[in-house]
Amino acid sequence: GVWRQTRALLFKNCLIKCRTKKSSVQEVLFPLFFLFWLILMSMMHPHRKYGEVANTNLGTLDTSMLVNFVIGYTPPTRMAREIMKKVAFDNFEDGIITEEYLSEEELQEASASKPSNFVGVVFNDAMSYQLRFHDSVAMSSIYMESR
């Protein structure tokens, strides 16, 4: 019954493997070659590991630099307003001036007119944003962790 069919199938597969030695060797060596190649590539580009940083007291924030500081943001959604309200009033006693803009173009125009004390925030969604300075865009560090 089942044992005889299983034994015949195993015998047939052994005969096929013995008659096609080239393809049998390739079936074994190609995965080993690719495994070796992956190990070699991972050794050439290792992940950086950073050591711990000791806790240090950074002192108080010098808020005199933030006088007349303007943070513009877009798009003016409910979530963006709540976040910017927290930034402006919960962290600084004087508050930072926040301005909302309807589009990125308006934000860029405002950045060009007052470049020294203006930072733009463009909310992509509720969890991500980009900072816009007068002449550059600061990307989140999440994109730079690993190649």
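The two atoms that bring A80 and P75 nearest to each other are CB-O, 3.6 Å, heavy atoms only. Annotation for G72 and Y101: closest pair CA-CE1, 3.8 Å, computed over non-hydrogen atoms.
By the salt bridge (Lys or Arg N to Asp or Glu O under 4.0 Å) test, E104 is found to be paired with R132, residues two or more places apart in sequence or in another chain being considered. Not counting sequence neighbours, the partners of R78 by the side chain to side chain donor-acceptor pair (under 3.5 Å) test are E82. E105 pairs by the side chain to side chain donor-acceptor pair (under 3.5 Å) definition with S103, not counting sequence neighbours.
Judged by distance alone, with hydrogens and angles left aside, the side-chain atoms of T98 form no donor-acceptor pair with the main-chain N or O of M84 at under 3.5 Å. Remark: the backbone N or O of I16 is paired with a side-chain donor or acceptor of T20 at under 3.5 angstrom.
T74 has its side chain out of reach of L102: every pair of non-hydrogen atoms, C-beta onward, lies at least 4.5 Å apart. For the pair I83 and F123, the minimum side-chain heavy-atom distance is below 4.5 Å.
Applying the under-4.5 Å side-chain rule to Ile, Leu, Val, Met, Phe, Trp and Tyr, the cluster around F11 extends to L15. Under a 4.5 Å side-chain heavy-atom cut-off, the cluster of Ile, Leu, Val, Met, Phe, Trp and Tyr residues that includes M43 is completed by L35, I39. Other cluster members for V2: none, since no ILVMFWY side-chain heavy atom sits under 4.5 Å from it.
Between W37 and F33, the ring planes lie parallel to each other; the angle is under 30°, not in the 30° to 60° tilted range.
When each of E100, E99, R81 is checked for a side chain to side chain donor-acceptor pair (under 3.5 Å) with Y73, only E100 meets the rule.
Of the inter-residue distances, the one linking F118 atom CZ with L107 atom CG reads 4.5 Å to the nearest 0.5 angstrom.
Residues V25 and L32 share a hydrophobic cluster, clusters being chains of Ile/Leu/Val/Met/Phe/Trp/Tyr side chains in contact below 4.5 Å.
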